[in-house]
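As structure tokens, the structure follows; a few thoughts come after it.
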2 protein chains.
Amino acid sequence: MDRHAPLYEIKANLFKALAHPVRIRVLELLTAEPAGEVAVSELLTATDLEASHLSQHLSVLRRHRVVTSRRAGSSVLYRPAHPRIVDLLLVAREFLHDTIDATQRQRDELTELPALRA
Amino acid sequence: MDRHAPLYEIKANLFKALAHPVRIRVLELLTAEPAGEVAVSELLTATDLEASHLSQHLSVLRRHRVVTSRRAGSSVLYRPAHPRIVDLLLVAREFLHDTIDATQRQRDELTELPALRA
DNA sequence: ACCCGATATGATGAATTGCTCAATCCATCA
DNA sequence: TGATGGATTGAGCAATTCATCATATCGGGT
């Protein structure tokens, strides 16, 4: 991969790997599963994507070692490659929760004050 | 921003905001500072970028509420907008630490075994 | 061996993002 | 107010990433 690049570049690449709605969706499906493993076929029905399209995103996640896969007969099972990946999603969620709340409050104030003036 | 999009899309956008080496570098400078605040001028000398270039990246970080800024006289100070942002970088670092270690070991094995055969 | 369902890869044009340069804004100080 | 240093914004082109389609691979069953 890019192991010989400066650390901030490697880190940026990791975030790049996560920077797509389909890939986030896949990761959330993987982390939601108690078994920890999900078959491509399940991802396919859950996301309603074209097979090759999903496969390309899975390939990105694999290339960045965010997930690992193993064959089980004719199907392929994916799982998060490391517990920290799950953590990243959780921390992101906490951040967004607080941030969206704050901007919501801000918006509420903005839409409320003019009303009081009327 | 994009508050009315599905959550996985919002999350992807957050990671997009982090998905660039310059922005990672800036965030690391911000989180390294015990004062918690760093002036644009300092970022400028630390990163050795063109002012407008840095400014564009700061703008991305602001737009996604990853950092906040305030004016102090003629200069502008930036800081991480939320403790979770710092956490994201730390978790990413842990993940990369483990992952790079693992691939390094793998590579070592690969380069070692052929040698033994000779 | 052949076929079939499941998954992965490769190539192409479309869309997004990043970089460079010029222009603008904003605060300070003379 | 005019000039100056610090920071931001906007426009145009280059580079990257995405979606779609066609093709290829891999296992399992016949």
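From a predicted model like this one, the values you see are computed outputs, not experimental measurements. Quick note on labels: first sequence line is chain A, next is B, and so on, each numbered from 1.
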Nearest to the A:Ser59 side chain among C:dA8, C:dT9, C:dT17, which nucleotide is it? C:dT9
Pick the closest DNA chain D nucleotide for B:Ala51 and for A:Arg71 by heavy atoms, then say which residue is nearer the 5' end. B:Ala51
Between A:His20 (side chain only) and A:Val22 (backbone N and O only), is there a donor and an acceptor less than 3.5 Å apart? yes
With a non-hydrogen cut-off below 4.0 angstrom, is B:Ser74 in contact with a base, only sugar-phosphate, or nothing? sugar-phosphate
Mark yes or no for a side-chain to base donor-acceptor pair under 3.5 Å between B:Gln56 and C:dT20, with no hydrogen or angle criteria applied. yes
B:Val60 or B:Glu50, whichever maps to the more 5' nucleotide of DNA chain C: B:Val60
Separation of A:Leu54 atom CG from C:dA6 atom P, in whole Å? 14 Å
A:Arg70 side chain reached by A:Val76 side chain, heavy atoms, under 4.5 Å: no
Where the side chain of A:Arg23 meets the backbone of A:Lys16, is there a donor-acceptor pair that is under 3.5 Å apart? yes
Taking C-beta and beyond as the side chain, do A:Leu89 and B:Phe15 meet within less than 4.5 Å on heavy atoms? yes
For DNA chain C, what residues of residues 31-43 of chain A have any heavy atom nearer than 4.0 Å? A:Val40, A:Ser41
Please give, in whole Å, the distance from C:dT9 C1' to A:Arg62 CZ? 10 Å
C:dT16 C1' sits how many Å from B:Lys16 NZ, rounded? 8 Å
Interface limits on DNA chain D, where chain B has a heavy atom under 4.0 Å of a nucleotide atom: D:dG6 to D:dA11
Judged by nearest nucleotide, the residue sitting upstream toward the 5' end of DNA chain D, A:Val22 or B:Leu58, is B:Leu58
A:Tyr78 and its side-chain hydrogen bond (donor to acceptor under 3.5 Å, both in side chains) partner, picked from A:Glu33, A:Arg62, A:Glu42: A:Arg62
Give the ring-plane orientation class for A:His82 versus B:Phe95, where under 30° counts as parallel, over 60° as perpendicular and anything between as tilted. perpendicular
Would you mind checking if A:Arg25 and B:Glu9 are paired as a salt bridge, meaning a charged N to carboxylate O distance below 4.0 Å? no
Could you give the NE2-to-P distance, from A:His53 to C:dT7, as a whole number of Å? 17 Å
Below the 4.0 Å mark, does C:dT17 have OP1 or OP2 next to a side-chain nitrogen or oxygen of B:His57? no
Quick check on the hydrophobic clustering: are B:Ile24 and B:Leu44 connected, directly or via other members, by side-chain heavy-atom contacts under 4.5 Å? yes
Would you say B:Val86 ends up clustered with B:Leu18 if hydrophobic residues are merged whenever their side chains have heavy atoms under 4.5 Å apart, either directly or through other cluster members? no
